Number of protein chains: 2
Amino acid sequence: MGRKSLKTPRQQEIIKAFYQLAKKEGLENASIAKTAALIDINPSLVMHYFKSRESLIDSLIEFILDKYLLIYRIQDDVNAGPKKNLLKVIDNIFSNKWNALFADSVSYSCYSMAFRNKSIKRKYKDLLDTLRDNLQQLIADCKNRGILSVQDPVQTADIIFVLVDGAYYYLCLVSDKKEYQQKLNQYKKQAISLLNFVSSSAR
Amino acid sequence: MGRKSLKTPRQQEIIKAFYQLAKKEGLENASIAKTAALIDINPSLVMHYFKSRESLIDSLIEFILDKYLLIYRIQDDVNAGPKKNLLKVIDNIFSNKWNALFADSVSYSCYSMAFRNKSIKRKYKDLLDTLRDNLQQLIADCKNRGILSVQDPVQTADIIFVLVDGAYYYLCLVSDKKEYQQKLNQYKKQAISLLNFVSSSAR
DNA sequence: AAATAAATTGAATATACGTTCAATTTATTT
DNA sequence: AAATAAATTGAACGTATATTCAATTTATTT
């Protein structure tokens, strides 16, 4: 009896609007009123689904962090073999596609909150560790089949993501498209060289 | 005639207070009123020296970015030879000292504004390029004297800073002190290995 | 059709914000 | 001591903010 709950889809809609607003005007300028106006609902409705602005931001962070994991899901072919899988993921990481999935600006704003909010800190740390762990598994697969030769897949995965994070930290400031692409390719090469693939005609 | 100008020292005092506030409560919560209260002056005085909050933030960013350059100035001995100089800088970069110089939290908040503010974007880009250029010169010095062997000092300096920025991006999320130190050392080793020092008994 | 429960609205609150402007204080020079 | 110019204050402004609560609308069930 009573009405069917619209909780989940409405919450999603609100988070998405809040995110788009933060992307456009900065997280610090993304307000509940503006968010409500964007999807043509009453500001009170936002408060109904999120107890506070803080919890809305909390949901926004989860929304963003989930998107990061997509690098591992954009694989056309699941059983393409470990080498192809690994290279595909590297491709995804160093592609504009991934970067287009979410706005770095919002993510950096959220990230900066980790310094004062332990829950946010943990969420970011968990994500970064998950990203590393997934890559480590792909590397380990390749290592076990003699496709590449690295000492410790865990360390290699870690270093590669350090490279990735540092790369985008710089690249986000590069306006020139050519410079951007050239640097991105260079960083990608560096990452692949860290993987130390065994050169052979076989795959 | 008239009164002696206190402009510069007052501005510095205000910026510093604003910075400390941003460090403690987050940049988004650092207000002009709070800043004035912190150093016991009238909020109007802040507005007198900075036309707007925006320009105050602009000054804050310059204040922060200047601190980054200190890695190159903490050298006890200027004429210690190129190798020692380079290693000292690497030491500084991968030390807690440097990290203690400024609050990453504030810097990341400011950094995130670069996405919507071209002037801020340029300032950050310029800083990162300056940091790279200084390191490149130290590397080139060493290369010219056969101390190390790298293909292109410019690229090496770039990669090292990519490593540094990526390293701190992860490390800022690490609460455990042991893990922090261990990772930091590992990243430092990686950076040094990129420098490919020529092993010899001579220095 | 009545009952029910969730969705949604609208009005109201208090608060803090950035910014303004005129008035006043303070130090320095003539 | 008078003149000067900068430092500093205090009051006031309108605005947007997050959040509250009661009232109303809407869809679904009995």
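Bear in mind the structure is a predicted one, so any value in this text is a computation, not a measurement. Lettering of chains follows the sequences in order, A, B, ..., and the numbering in each one begins at 1. Note that these values count all heavy atoms, side chains included, but never hydrogens, waters or copies made by symmetry.
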Exercise. Examine D/dA16: is either OP1 or OP2 under 4.0 Å from a nitrogen or oxygen in the side chain of A/S31? Give yes or no.
Key: no
Self-check item: Under-4.0 Å side-chain N/O to phosphate OP1/OP2 contact, B/Y49 with D/dA6
Solution: no
Atom-pair distance ([atom1] on [X]; [atom2] on [N]), nearest Å:
X     : N      : atom1 : atom2 : result
A/I39 : C/dA7  : CD1   : C1'   : 13 Å
A/E28 : C/dG18 : CD    : P     : 12 Å
A/L45 : C/dA6  : CG    : C1'   : 11 Å
B/K7  : D/dA5  : NZ    : P     : 16 Å

Quiz prompt | Annotated protein contacts, base or backbone, on nucleotides 19-30 of chain C with a non-hydrogen cut-off under 4.0 Å, one of B, S, - each | solution = BBB----BSBS-
Self-check item: Donor-acceptor pair between A/S59 and A/Y19 side chains, under 3.5 angstrom
Solution: no
Exercise. For atom NZ of B/K7, decide whether the heavy atoms of other residues, nucleotides or ligands shown that lie under 6.0 angstrom number more than 12.
Key: no
Quiz item: B/N42 side chain: which of D/dT9, D/dT17, C/dA7 is closest?
Solution: D/dT9
Self-check item: From B/Y170, B/Y111, B/Y108, B/Y168, residue fulfilling ring pair (Phe, Tyr, Trp, His ring centres under 6.0 Å) relative to A/Y111
Solution: B/Y108
Self-check item: First of B/N29 and A/S5 reached from the 5' end of DNA chain C, by closest nucleotide
Solution: A/S5
Quiz item: Looking at B/E13 and B/K16, does any basic side-chain N land under 4.0 Å from a carboxylate oxygen?
Solution: no
Practice problem: Determine yes or no for a side-chain-to-main-chain donor-acceptor pair under 3.5 angstrom, with A/Y72 supplying the side chain and A/L135 the backbone. | Solution: yes
Exercise. Just call it for A/L6: base, sugar-phosphate, or nothing, with non-hydrogen atoms closer than 4.0 Å on any strand.
Key: sugar-phosphate
